[in-house]
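As structure tokens, the structure follows; a few thoughts come after it.
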Amino acid sequence: MTRDHITAVEKSQAWLKENTKRYAFKKLEREVVITGACVECGSCVAGCPVEAITGERIENKYVPVLTGKCIACGTCYAMCPRTSVLQDDIIGEFSSVWRVKTLGDHNHQDGGAVTSVLGYLLDKKEIEAAVVAGKSKELPWMPVAKRVTTKEDILDSGGTIYTHSQVIEEMHNCFKENLSSIGVVGTACNIDAIQRMQEHQGSYLNIDSKTDVFKISLFCMESFDYDGLVGFLKGEGLDIGEVERFAITKGNFIVTVGGEDKSWPVKDLDAIAASSCSYCTDLTGMNSDLSCGNIGSDDGWTTVLVRSKRGDKALKAVIKEGLVEAEEIDEKDLQAVINTARLKKNKRFKLKPPH
Ligand SMILES: Cc1cc2nc3c(=O)[nH]c(=O)nc-3n(C[C@H](O)[C@H](O)[C@H](O)COP(=O)(O)OP(=O)(O)OC[C@H]3O[C@@H](n4cnc5c(N)ncnc54)[C@H](O)[C@@H]3O)c2cc1C
């Protein structure tokens, strides 16, 4: 190794130690090589500072193999184009993170941050309407995207429905009716649809810059196929029509019926996850103004990632107006969000190899 190369390796090692978790080659092997996600580029082999990894030809396929002693420095994992180690890749950019609890008396899932912020924006006429998910009258717990225009109306729309909701379609209806400023709540996939419409040169949301969307994303590990959910509950002797509340907390899916909670590990419901969820790697909704979920906070609180200036302005305003209680969260609780988001990113590696 030349002197320059040694210095570069030392610098890179110091940076990885400071900024990332340092994973050993075994993790890369488990998640990327064995699953078939490996692109055979050789970056792990080339990057290993102790030359412990060899690119071997096995049945004419290039396979990274550990042939020396791994020092768990994290280089191979960090340099692999199929992994995510940097915080920005995992939960996106944000300026601050809070735990928030509403001081209002209204329907909500966790801390009621979403309803409080949207209620405030409607009240101050900063948005003309908010598009949220209501419940169908015909099918229990089937979401129906709906628009609300007053603070009073939004207070009834809190709570989580764990099935895809067509909030984007309703947002479009609002614009077609000449509303120009809308708040939209949705999972990362919904918010990505808005982002696409705002950035794509062929989209009228981009062409007609008069439209404005305040985007609130909900953390989402997965949503469920409606019929699958009905079937799952039936198999457990439950009728979806009797369910009072659904929740996902600390890896468990919780269903409240007759005032009593029943719970299952969320992984028991993997088979009924919406098919589109296996393509998603974004837990928090990186393209939003505010991202809201429960991970990182105690029950009854919402964790809120602030991602834009107007997201910051809206959250600070609801705090100042005394509508919510709020405190900035510490590194440990933020780490819980990062760890779950990383888990979601890595879920794709559990796909069965195609050959
Ligand atoms: C499919 C799904 C999966 C989720 N998974 C997780 C998870 O794994 N971990 C986690 O921490 N949080 C998860 N969340 C987010 C969590 O359930 C809460 O929505 C979030 O913490 C905000 O709580 P709140 O009390 O501030 O919101 P509330 O004040 O209760 O407001 C919630 C708002 O979301 C709207 N809404 C409800 N369901 C939908 C939907 N399907 N599509 C669009 N809008 C909707 C409601 O109409 C309401 O306006 C998930 C949400 C969804 C929709």
Side-chain angles (χ1 to χ4, degrees), residues 91 98-102 104-122 129-136 141-148 151 153-171 183-191 193-194 214-226 229 245-254 266-267 269 272-274 276-277 280 282-285 288 290-305 315 318 323-324 326 333 336-337 339-341 343-344 347:
I91 57 170
W98 301 74
R99 74 167 52 88
V100 175
K101 187 186 208 167
T102 184
D105 178 21
H106 56 77
N107 189 23
H108 55 86
Q109 184 75 13
D110 292 314
V114 175
T115 303
S116 300
V117 169
L118 288 175
Y120 169 83
L121 294 174
L122 283 169
V131 179
V132 296
K135 287 190 203 129
S136 155
W141 290 97
M142 173 65 90
V144 178
K146 70 171 191 181
R147 101 181 52 164
V148 285
K151 182 181 173 184
D153 283 347
I154 200 154
L155 301 185
D156 280 339
S157 308
T160 300
I161 305 175
Y162 287 91
T163 298
H164 283 324
S165 166
Q166 290 65 51
V167 284
I168 306 306
E169 193 181 345
E170 186 54 24
M171 178 194 79
V184 178
V185 191
T187 46
C189 47
N190 298 142
I191 303 299
I194 303 172
F214 189 97
K215 293 169 278 186
I216 301 186
S217 65
L218 305 173
F219 291 8
C220 178
M221 204 60 180
E222 58 198 5
S223 72
F224 303 113
D225 173 70
Y226 182 80
L229 186 57
R245 184 174 186 266
F246 288 108
I248 294 180
T249 310
K250 298 184 175 68
N252 289 313
F253 182 65
I254 300 161
V266 184
K267 64 178 167 41
L269 286 88
I272 60 155
S276 55
C277 297
C280 177
D282 183 1
L283 175 88
T284 57
S288 57
L290 297 174
S291 295
C292 301
N294 172 252
I295 302 163
S297 290
D298 293 333
D299 286 353
W301 292 78
T302 310
T303 300
V304 181
L305 271 80
L315 184 65
V318 292
L323 300 172
V324 299
D333 293 331
V337 181
N339 288 346
T340 314
L343 196 79
K344 176 159 184 177
K347 254 187 150 188

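Sequence positions, counted from 1, serve as the residue numbers for this chain. Just so you know, ligand 1 is whichever comes first in the structure, and atom 1 is the first atom listed for that ligand. Note that the coordinates shown come from a computational prediction; the quantities given were computed from them, not determined experimentally.
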Protein residue, atom and distance nearest to atom 39 (C) of ligand 1, heavy-atom basis:
Ala133 CB, 3.6 Å
Nearest 0.5 angstrom please: Leu269 CG to Ile248 CD1, how far?
8.0 Å
For ligand 1 and Thr187, I'd like to know whether there is a polar contact (N/O to N/O, distance under 3.5 Å).
no
Quick one, Trp141 and Leu229 - any side-chain contact, counting heavy atoms below 4.5 Å?
no
Counting from 1, what ligand 1 atoms have a heavy atom of Thr163 closer than 4.0 Å?
41 (N)
Look only at interatomic distance and state if Gly159 has a nitrogen or oxygen under 3.5 Å from any nitrogen or oxygen of ligand 1.
yes
Between Pro143 and ligand 1, which residue portion shows a heavy-atom distance shorter than 4.0 Å: side chain, backbone, both, or neither?
neither
Atom 9 (N) of ligand 1 [closest protein heavy-atom partner, distance rounded to 0.1 Å]:
Ile295 CD1, 3.6 Å
Which atoms of ligand 1 have any heavy atom of Asn294 under 4.0 Å away?
10 (C), 11 (O), 12 (N), 21 (O)
Shortest protein contact, atom 42 (N) of ligand 1 (heavy atom only)
Ser165 CB, 3.5 Å
Where the side chain of Glu222 meets the backbone of Cys277, is there a donor-acceptor pair that is under 3.5 Å apart?
no
Do Asp299 and Lys250 come within less than 4.5 Å of each other through their side chains, counting heavy atoms only?
yes
Using the rule side chain to side chain contact (heavy atoms under 4.5 Å, CB included), only one of Asp110, Leu118, Val117 pairs with Val114; which is it?
Leu118
Which of the numbered atoms in ligand 1 are under 4.0 angstrom from any heavy atom belonging to Gly111?
25 (O)
Report the relative orientation of the aromatic rings in Phe246 and Tyr162; use parallel for angles under 30°, tilted for 30 to 60°, perpendicular for over 60°.
perpendicular
First locate atom NZ of Lys101, then atom OG of Ser297, and finally report the distance between them rounded to the nearest 0.5 Å.
10.5 Å
Is there a donor-acceptor pair closer than 3.5 Å between any side-chain N or O of Thr163 and the backbone N or O of Phe224?
yes
Considering only heavy atoms, which of Thr160, Asp156, Ile191, Thr302 lies nearest to atom 17 (O) of ligand 1?
Thr160
So, regarding Leu218 and ligand 1 (criterion: nitrogen or oxygen to nitrogen or oxygen, under 3.5 Å), is there a contact or not?
no
What atoms of ligand 1 come within less than 4.0 Å of a heavy atom belonging to Met221?
5 (N), 8 (O)
Could you tell me whether the side chains of Thr284 and Ser291 share a donor-acceptor contact shorter than 3.5 Å?
no
Applying the side chain to side chain contact (heavy atoms under 4.5 Å, CB included) test to Thr115, which of Thr302, Leu155, Asn107 qualifies?
Leu155
For atom 48 (C) of ligand 1, what is the closest protein heavy atom, and at what distance to 0.1 Å?
Ser157 O, 3.2 Å
Atom indices of ligand 1 within 4.0 angstrom of Gly293 heavy atoms, with elements
11 (O), 12 (N), 20 (C), 21 (O)
Do ligand 1 and Gly112 have nitrogen or oxygen atoms that lie under 3.5 Å from each other?
yes
Does any N/O atom on His106 come nearer than 3.5 Å to any N/O atom on ligand 1?
no
Closest non-hydrogen protein atom to atom 21 (O) of ligand 1, residue and atom name please, with distance?
Asp110 OD2, 2.6 Å
Taking Trp301's backbone N and O only, do any of them form a donor-acceptor pair with Asn294's side chain (distance below 3.5 Å, no angle check)?
yes
Side chains of Leu290 and Trp98 in contact at under 4.5 Å (non-hydrogen atoms):
no
Is the backbone of Ile254 close enough, under 3.5 Å, to the side chain of Arg245 for a donor and an acceptor to pair up by distance?
no
Tell me: protein heavy atom nearest atom 49 (O) of ligand 1, and distance?
Val132 CG1, 3.3 Å
Does a donor on one side chain and an acceptor on the other come within less than 3.5 Å for Thr187 and Asn190?
yes
Under 4.0 Å from any heavy atom of Thr115, which atoms of ligand 1 are there?
28 (P), 29 (O), 31 (O)
Which of the atoms in ligand 1, numbered in the order shown and given with their element, are less than 4.0 Å from a heavy-atom of His108?
25 (O), 29 (O), 30 (O)
Nearest non-hydrogen protein atom to atom 40 (C) of ligand 1, with distance, is Ile161 O, 3.8 Å
Using distance alone, determine whether His164 and ligand 1 share an N or O pair under 3.5 Å.
no
Ligand 1 to Asn107 polar contact by distance, N or O atoms, under 3.5 Å:
no
Heavy-atom distance under 4.5 Å between the side chains of Met221 and Leu343, does that happen here?
yes
Under 4.0 Å between heavy atoms, the region of Val266 that gets near ligand 1 turns out to be neither
Based purely on interatomic distance, does Glu222 place a nitrogen or oxygen under 3.5 Å from a nitrogen or oxygen of ligand 1?
no
Taking only heavy atoms of Ser223, which atoms of ligand 1 are found under 4.0 Å from at least one of them?
1 (C)
Taking the non-hydrogen atoms of Ile154, is any one of them nearer than 4.0 angstrom to ligand 1?
no
Regarding atom 27 (O) of ligand 1: of the candidates Ile248, Val148, Leu290, Val114, which has the closest heavy atom?
Val114
Any side-chain to backbone donor/acceptor pair from Lys146 onto Glu170? Under 3.5 Å, distance only.
no
Minimum-distance protein heavy atom relative to atom 6 (C) of ligand 1
Phe219 O, 3.2 Å
Evaluate whether atom NZ of Lys267 has more than 12 neighbouring non-hydrogen atoms of other residues, nucleotides or ligands under 6.0 angstrom away.
no
